[in-house]
Amino acid sequence: APWFKEEEVDTSALPKADSEMIRRIFEGLKTSLDDLDMGGMEEAVNSLSDYGYDEEQGALFERLKEAVADIDVEKCEEIIAEWEALL
């Protein structure tokens, strides 16, 4: 058994992100990815974490957080494209 249980974050109390807001955050994130700007990438993830998502977008958000943490620009771009298709 793991020593530390992964903390479940209750997102139900968070405001739902509207498509326009997500697109604006993605624009900044894409610029940061192009510039390999880690601060900007983390800032975008922090902005996205202020909102609640449905199950499908929530899963994409978790994958995007991991890709940013791994500084995997290609993976980030794939996830953004996949997510934008849902907006």
Side-chain angles (χ1 to χ4, degrees):
W3 289 100
F4 298 102
K5 196 174 148 230
E6 183 133 338
E7 197 175 312
E8 283 293 314
V9 179
D10 179 17
T11 59
S12 61
L14 293 173
K16 294 288 176 234
D18 64 79
S19 298
E20 202 48 52
M21 179 74 65
I22 295 173
R23 281 194 184 96
R24 276 203 306 271
I25 294 170
F26 282 169
E27 285 311 308
L29 178 53
K30 287 176 189 174
T31 301
S32 297
L33 291 169
D34 288 343
D35 298 341
L36 278 179
D37 172 7
M38 272 308 296
M41 290 161 69
E42 288 172 4
E43 198 175 298
V45 168
N46 288 339
S47 295
L48 288 168
S49 69
D50 291 340
Y51 300 95
Y53 303 99
D54 62 29
E55 200 172 322
E56 196 172 7
Q57 290 187 18
L60 287 168
F61 176 58
E62 290 305 316
R63 287 174 45 210
L64 185 61
K65 275 198 306 195
E66 271 180 43
V68 166
D70 294 342
I71 316 171
D72 188 337
V73 172
E74 229 172 84
K75 191 77 179 156
C76 287
E77 290 171 341
E78 286 170 21
I79 295 165
I80 290 169
E82 198 177 328
W83 195 338
E84 283 181 324
L86 299 175
L87 301 177

Would you please name every residue forming a salt bridge (charged side-chain N to carboxylate O under 4.0 Å, His left out) with R63, sequence neighbours left out? E82
In short, L14 meets G52 closest at the heavy-atom pair CB-N, 3.5 Å
Considering only distance and modelled atom types, tabulate donor-acceptor pairs under 3.5 Å from the side chains of residues 29-43, sequence neighbours left out.
{"from": "K30", "atom 1": "NZ", "to": "E84", "atom 2": "OE1", "distance (Å)": "3.4"}
{"from": "K30", "atom 1": "NZ", "to": "E84", "atom 2": "OE2", "distance (Å)": "3.1"}
{"from": "T31", "atom 1": "OG1", "to": "E27", "atom 2": "O", "distance (Å)": "3.2"}
{"from": "S32", "atom 1": "OG", "to": "G28", "atom 2": "O", "distance (Å)": "3.1"}
{"from": "D37", "atom 1": "OD1", "to": "G39", "atom 2": "N", "distance (Å)": "3.2"}
{"from": "D37", "atom 1": "OD1", "to": "G40", "atom 2": "N", "distance (Å)": "3.0"}

Which pairs count as salt bridge (charged side-chain N to carboxylate O under 4.0 Å, His left out) when at least one residue sits in residues 64-75, sequence neighbours excluded? E62-K65, K75-E78
Test side chain to side chain contact (heavy atoms under 4.5 Å, CB included) on I79 and F61; report intermediate values, then the result. CA-CA 8 Å; I79 295 165; F61 176 58; over 6 Å; no
Enumerate the ring-ring contact (aromatic ring centres under 6.0 Å, His included) contacts for residues 65-87, please, sequence neighbours excluded, ordered by first and then second residue. F26-W83, Y53-W83
Just grab all the salt bridge (charged side-chain N to carboxylate O under 4.0 Å, His left out) pairs involving residues 49-59, residues at least two apart or on different chains. none
In Å, rounded to the nearest 0.5 Å, how long is the span from CG of L86 to CD of Q57? 5.5 Å
Quick one: closest heavy-atom pair of I25 and A44, and the distance? CG2-O, 3.6 Å
